Amino acid sequence: MKYAAPRGTKDILPDDSPLWQFIEGACRETFELFNYREIRTPIFEATDVFTRSIGDSTDIVKKEMYTFPDRKGRSLTLRPEATASVVRAGLENNLISPDNLLKVYYLGPMFRYERPQAGRQRQFHQAGVEAFGSNDPLLDAEVIQMAVNLFQALGLKELEVDINSVGCKKCRPAYLEALKKYFQENVKHMCKDCLARFEINPLRILDCKEEPCQKYIAKAPAMVDHLDAECKEHFKRMVGWLDGLEIKYKINDRLVRGLDYYTRTAFEVVSKQLGAQNAVCGGGRYDDLVEEMGGKSVPAIGFAIGLERIMEILRKLNVESRASNVGLYIATIGDEARKVGFDLLSKARDAGISADFDYQGRSLKAQMKAADRLKAEYVYIIGEEELKKRSAILKNMETADQHEIAFDELIDNFSGECGCGCEH
RNA sequence: GCGGCCAUGGUGUAGGGGUAACACAGCAGAUUGUGGUUCUGUUGUCACGGGUUCGAUUCCCGUUGGCCGCCCCA
């Protein structure tokens with residue numbers, strides 16, 4: 001093979017697109033139900049947009065960004081996630097302000113230079129939402145509810161919603177100190193990764209899955225116990241709203257998210273039907289980001305959903321539906337019939353009937369076979385005799401019934417019964 | 001960035017130092033104007049580069065890519 005798609009990228013082929021459209025459609029529908037409106041930002045940004053927001057010490061910034069200089073030497077980066085872009089766009093276009101509530105959603109490809117594996121690609125797709133302008137815990141609950149509703153609409157089960165609070169810039173430093181103090185003596189018994197985490201970001205130790213480390217982690221102080229009064233109140237009230245909405249969740253005081261900008265609420269939806277990469281949705285509040293990116297202080301919250309991972313689950317559930325949308329296939333014999341057939345073909349399309357034709361001048365048998373494979377509902381067969389009569393055979397491919405219909409009446413015959421393959 | 005496994009027609013697989021087997025799909029045909037069954041034919045530089053050898057698709061090394069795990073994340 002001379003050319004192949006770059007490592008970690010995948011073609012989405014016609015057989016897959018119905019499922020993609022289903023997923024994307026469900027996202028749009030749910031988001032719009034909650035009155036979020038679509039925003040589309042460029043696929044690349046000035047590198048600073050990401051380094052400043054995501055954080056220099058995160059893996060994304062340290063080793064996963066697709067960064068390149070353009071022809072004038074400016075450093076650009078393919079977006080590894082969308083939140084930073086949305087904040088940039090919102091600020092640039094004056095959509096974000098403290099006294100204005102902005103709710104937007106996006107859908108599209110993201111890029112991270114990572115080693116591909118199950119549920120992980122270098123170009124992958126996310127759908128997400130961002131809401132700016134409110135620090136009310138009600139909004140946190142609603143955002144989580146929206147994610148849950150979406151997964152319901154998609155027919156996903158066996159999901160778990162994990163929530164936690166990572167505090168704010170006022171109370172987190174004290175917690176980090178407490179963590180350090182706690183791990184100070186134990187860390188030497190723990191894995192070498194944890195040793196490194198201890199220096200860089202002790203919060204990450206909580207994420208470690210190594211068996212020997214677990215017993216130390218289990219007794220480590222939890223952020224929820226170190227929240228200041230306001231953060232504690234925020235978390236309590238959000239949980240209250242979630243209970244009111246009857247949303248099942250698990251408080252996971254070990255949940256730490258990988259981007260630096262999160263404050264207070266952090267949540268994740270994980271699937272039991274996936275392998276190691278089991279998070280299908282991750283999000284949280286980022287009350288300081290807008291200000292850090294040069295705006296006024298505007299609280300915000302959002303989440304992102306990994307579409308490939310949703311796809312993987314749906315594939316396992318076998319929800320692949322691949323109905324044809326061809327209502328009419330026009331088969332012809334001979335050059336003259338072909339001209340007439342092609343003319344009827346375009347008339348059919350003008351009338352909104354999805355129609356197809358043979359482009360290779362093949363035998364009638366081959367045309368019938370093609371129509372069959374396309375699962376066309378009807379085939380209109382035009383031969384020499386039919387040309388003289390200006391009337392040809394319309395065959396119902398499912399029942400195999402066929403009868404004659406004049407060229408002039410073909411389209412009208414269809415408009416009544418909706419031969420377009422749509423669902424009614 | 002690290003580790004394990006792998007790489008044969010469109011797809012899924014078999015094989016093995018002397019130029020590849022099977023199934024399915026595709027295409028063509030089986031009294032030349034009708035599909036889903038059957039039968040026949042047809043489809044491959046055995047990932048790429050180098051080495052060992054009289055000879056490599058088969059053995060060795062490297063590269064690239066895939067799968068899975070670690071890290072991290074969606």
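We name chains A, B, ... by the order of the sequence lines, and we start the count at 1 in each one. Please read these numbers as outputs of a predicted model, since none were measured by experiment. Hydrogens, waters and symmetry mates are skipped; everything else that's a heavy atom, side chains included, is used.
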Who does B/rU63 pair with, Watson-Crick or G-U, both distances under 3.5 Å? B/rA47
Sugar-phosphate only, base, or nothing, as touched by A/Glu308 at under 4.0 Å among non-hydrogen atoms: nothing
Say we look at B/rU19 and B/rG44: how far apart would their C1' atoms be, to the nearest angstrom? 12 Å
In this structure, how many angstroms lie between the P atom of B/rG1 and the CD atom of A/Gln117, rounded? 15 Å
Look at all strands and tell whether A/Gln367 reaches a base, only sugar-phosphate, or nothing, counting heavy atoms closer than 4.0 Å. nothing
Nearest listed nucleotide, side chain of A/Lys365, among B/rG33, B/rC67, B/rG35: B/rG35
In whole angstrom, give the distance that lies between atom CD1 of A/Ile54 and atom P of B/rA74. 10 Å
Between A/Asp401 and A/Cys281, whichever has its closest RNA chain B nucleotide further toward 5' is A/Asp401
With a 4.0 Å cut-off on heavy atoms, is A/Gly8 in touch with a base, just the backbone sugar-phosphate, or nothing at all? sugar-phosphate
Could you work out the separation of B/rU40 and B/rC22 based on their P atoms and round it to a whole Å? 12 Å
Using a heavy-atom cut-off of 4.0 Å across all strands, would you classify A/Gly128 as base, sugar-phosphate, or nothing? nothing
Just compare B/rG35, B/rA74, B/rC72 and give me whichever is closest to any side-chain atom of A/Met368. B/rG35
SB check A/Asp288 A/Lys169 (cutoff 4.0 Å): yes
Is any side-chain N or O of A/Arg362 closer than 4.0 Å to OP1 or OP2 of B/rA28? yes
Nearest whole Å is fine: how far is B/rG36 C1' from A/Met397 CE? 8 Å
For B/rG9, what is the paired nucleotide under Watson-Crick or G-U wobble rules, both distances under 3.5 Å? none
Does this structure show an ion pair linking A/Glu404 with A/Lys389, if we count only N-O contacts that are shorter than 4.0 Å? yes
Is A/Arg7 close enough to B/rG66 that one of its side-chain N or O atoms is under 4.0 Å from OP1 or OP2 there? yes
Which is true for A/Glu386 with a 4.0 Å heavy-atom rule: it touches a base, it touches only sugar-phosphate, or it touches nothing? base
Ignoring backbone atoms, test whether A/Lys10 places a side-chain nitrogen or oxygen under 4.0 Å from the OP1 or OP2 oxygen of B/rC67. yes
What integer distance in Å separates A/Asn278:CG from B/rC70:P? 10 Å
Sugar-phosphate, base or nothing in reach of A/Ala279, heavy atoms under 4.0 Å: sugar-phosphate
In terms of heavy-atom contacts, does CD of A/Glu384 have more than 12 from other residues, nucleotides or ligands at under 6.0 Å? no
Using whole Å, what does the distance between atom C1' of nucleotide B/rA25 and atom CG of A/Asp15 come to? 12 Å
If pairing requires Watson-Crick or G-U wobble contacts with both distances under 3.5 Å, which nucleotide is the partner of B/rA56? none
Would you call A/Asp140 and A/Arg285 a salt bridge, using N to O less than 4.0 angstrom? yes
A/Asp59 CG to B/rC71 C1', in whole Å, measures 7 Å
Does B/rG26 have OP1 or OP2 under 4.0 Å away from a side-chain N or O of A/Arg373? yes
Does A/Lys180, at its NZ atom, have more than 12 non-hydrogen atoms belonging to other residues, nucleotides or ligands within less than 6.0 Å? yes
On a whole-Å scale, what distance lies between the C1' atoms belonging to B/rC61 and B/rU52? 11 Å
What interatomic distance, in whole Å, is found between P of B/rC59 and the corresponding atom of B/rC5? 15 Å
Complementary nucleotide for B/rU31 - Watson-Crick or wobble, under 3.5 Å: none
Does A/Gln126 place a side-chain N or O at less than 4.0 Å from the phosphate oxygens OP1/OP2 of B/rA74? no
Determine the Euclidean distance between corresponding C1' atoms of B/rU64 and B/rG50; express it in Å to zero decimal places. 14 Å
For B/rG4 versus B/rG16, give the span between their C1' atoms, rounded off to a whole number of Å. 25 Å
Quote, to the nearest angstrom, the C1' distance that separates B/rU8 from B/rU57. 8 Å
Output field: ring centroids A/Phe44/A/Phe111 closer than 6.0 Å: no
Separation between the P atoms of B/rG62 and B/rC6, rounded to whole Å: 14 Å
Measuring from atom CD of A/Glu308 to atom NZ of A/Lys10, what distance do you get when rounded to the nearest 0.5 angstrom? 8.0 Å
Counting the atoms with a prime plus P, OP1 and OP2 as sugar-phosphate, which does A/Ile393 contact under 4.0 Å by heavy atoms, base, sugar-phosphate, or nothing? base
Of the candidates B/rC68, B/rG29, B/rU34, the side chain of A/Ala118 sits closest to B/rC68
In whole angstroms, the gap separating C1' of B/rA74 from CD of A/Glu81 amounts to 11 Å
For the side chain of A/Gln121 and the base of B/rA74, is some donor closer than 3.5 Å to an acceptor across the two? no
Option from A/Arg88, A/Arg79, A/Arg52 for which salt bridge (Lys or Arg N to Asp or Glu O under 4.0 Å) with A/Glu45 holds: A/Arg88
Complementary nucleotide of B/rG26, counting Watson-Crick and G-U pairs under 3.5 Å: B/rU42
Assign A/Glu268 to base, sugar-phosphate, or nothing according to its heavy-atom contacts below 4.0 angstrom with the strands shown. nothing
At under 4.0 Å between heavy atoms, what does A/Ala400 touch on the DNA or RNA strands: base, sugar-phosphate, or nothing? base
Taking any strand in view, what nucleotide pairs with B/rG69 in a Watson-Crick or G-U wobble way, both distances under 3.5 Å? B/rC2
Rounded to the nearest angstrom, tell me the gap between atom CZ in A/Arg120 and atom P in B/rG69. 10 Å
When A/Ala366 and A/Glu398 are each assigned the nearest nucleotide of RNA chain B, the 5'-most assignment goes to A/Ala366
Fit a plane to each ring of A/Tyr380 and A/Phe407, take the angle between them on a 0 to 90° scale, and name the class: parallel (under 30°), tilted (30 to 60°) or perpendicular (over 60°). perpendicular
